[in-house]
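Reading through the structure tokens given below for one structure.
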Amino acid sequence: MKPESTREDIFYFREVEKAPVSALRVKKETRTDPLLSAVMNMIAGGQPARGDANLKSFLGRRSELSVQSGCLLWGRRVIIPLSLRTQVLRQLHAGHSGIVRMKEIARRSYFWWPNMAKQIKDLAKNCSSCHKVRNNPPLAPLHAWEFSQEPWHREHIDFAGPFEGKMFLVAVDAHSKWPEVAIVKSTTTEKTIEKLGEMFSRFGSASQFVSDNGPQLGSEEMHAFLQANGVQHIKSAPYHLRQNGLAERFVQMMKHALKASQGQGTLQQRLYNFC
Ligand SMILES: [Zn+2]
């Protein structure tokens, strides 16, 4: 476990580290999965067994199915064999992410199986930790412009907390929905600039930066810092449209996950599991 003093570090979340099961295992389990074997047989030119109801969801996708290195693909997504689905679902919900977030992770991680969306829903609904903290506030609505065409073009920034004595600086990429979260002890302009500088040095500056008019994010100093990095700063009007809905949504989901996972590891680990 890391010492307390490193808690202020920015944690960068990499998809690869969250890969729930290895390609090798998928390959091995696919080979012994009767349904997926039948699908592979069908792709190879065999005739599907007549009236096999289980094959139905594959038949409609037939032209988009392929086999690569022993794994079955639907488009770019790996089809997870039955024997690994429980494990993948459990991994998806490890940080007590809600339905929306779990589906987002599944989409970004490129995996799929028939009925996956329903099973995600059932799992999130039946988790006892999630039940204890459920208050179901409606998620912040998204402003039309929040669907960006390219990654790391527009970042939505917000603060969350205090939670367990810490504050969180959150940056969400409008295109990929990729979150960056820095746990910080204070939210002074100076600290915020330092953390944003670290993010920029990793990913390059975003072209646009959307925030509310909070004292740190709306300050002259912040404005100058962004200008020096070539970032256009857009301050969302608090009483007008909810332009920063993307960051707000993420913060709502993060709060839920951190509450539901209380007592299940350090704040840092729980944040990592969620993101
Ligand atoms: Zn849960």
Side-chain angles (χ1 to χ4, degrees), residues 1-2 7 11-22 25-26 29 77-142 156 158-173 176-183 245-275:
M1 195 183 296
K2 286 183 178 171
R7 286 230 177 153
F11 304 106
Y12 296 97
F13 306 104
R14 281 182 296 277
E15 215 64 39
V16 61
E17 288 175 10
K18 297 180 75 72
V21 288
S22 71
R25 280 206 66 198
V26 172
E29 299 294 327
R77 299 171 175 208
V78 176
I79 301 178
I80 304 293
L82 181 66
S83 57
L84 296 176
R85 288 177 199 165
T86 309
Q87 193 184 331
V88 172
L89 278 172
R90 217 181 290 139
Q91 184 81 24
L92 260 183
H93 195 61
H96 296 285
S97 303
I99 296 166
V100 175
R101 182 97 194 115
M102 285 166 78
K103 284 184 181 168
E104 250 172 41
I105 297 172
R107 208 170 19 242
R108 275 197 336 216
S109 308
Y110 293 112
F111 57 77
W112 177 84
W113 63 83
N115 237 354
M116 182 179 83
K118 186 180 179 300
Q119 288 175 16
I120 285 178
K121 215 165 143 186
D122 289 346
L123 177 73
K125 273 187 179 163
N126 294 319
C127 172
S128 56
S129 296
C130 283
H131 259 281
K132 280 181 221 149
V133 298
R134 178 156 298 147
N135 52 358
N136 277 334
L139 284 176
L142 291 184
H156 290 254
D158 206 357
F159 283 106
F163 191 76
E164 295 179 23
K166 297 287 193 291
M167 291 297 290
F168 302 81
L169 172 62
V170 170
V172 185
D173 177 53
S176 62
K177 314 287 184 291
W178 184 269
E180 292 293 326
V181 183
I183 301 180
L246 194 64
E248 284 177 39
R249 265 166 96 94
F250 179 79
V251 166
Q252 279 173 288
M253 292 191 277
M254 185 178 83
K255 274 188 197 160
H256 162 89
L258 291 178
K259 271 187 209 162
S261 61
Q262 260 172 337
Q264 298 170 15
T266 64
L267 188 61
Q268 192 180 303
Q269 286 162 344
R270 285 148 53 212
L271 182 63
Y272 179 84
N273 280 336
F274 167 67
C275 288

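All heavy atoms count here, side chains included; hydrogens, waters and symmetry mates do not. All ligand and atom numbering here is 1-based and tracks the order in the structure. Everything numeric in this text was worked out from a predicted model, so none of it was measured.
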Let me know which of Arg270, Glu164, Lys132 forms a side chain to side chain donor-acceptor pair (under 3.5 Å) with Gln262. Glu164
Would you mind reporting whether Val170 and Glu180 have side-chain heavy atoms less than 4.5 Å apart? no
Of all the atoms in His131, is at least one N, O or S atom closer to the Zn ion (ligand 1) than 2.8 Å? no
When you compare the side chains of Gln264 and Ser129, does any donor N or O come within less than 3.5 Å of an acceptor on the partner? yes
The angle formed at the Zn ion (ligand 1) by SG of Cys130 and NE2 of His93 is about (to 10 degrees) 100°
Proximal heteroatom of His96 relative to the Zn ion (ligand 1) (N/O/S): ND1
Phe250 ring center near Phe168 ring center (under 6.0 Å): no
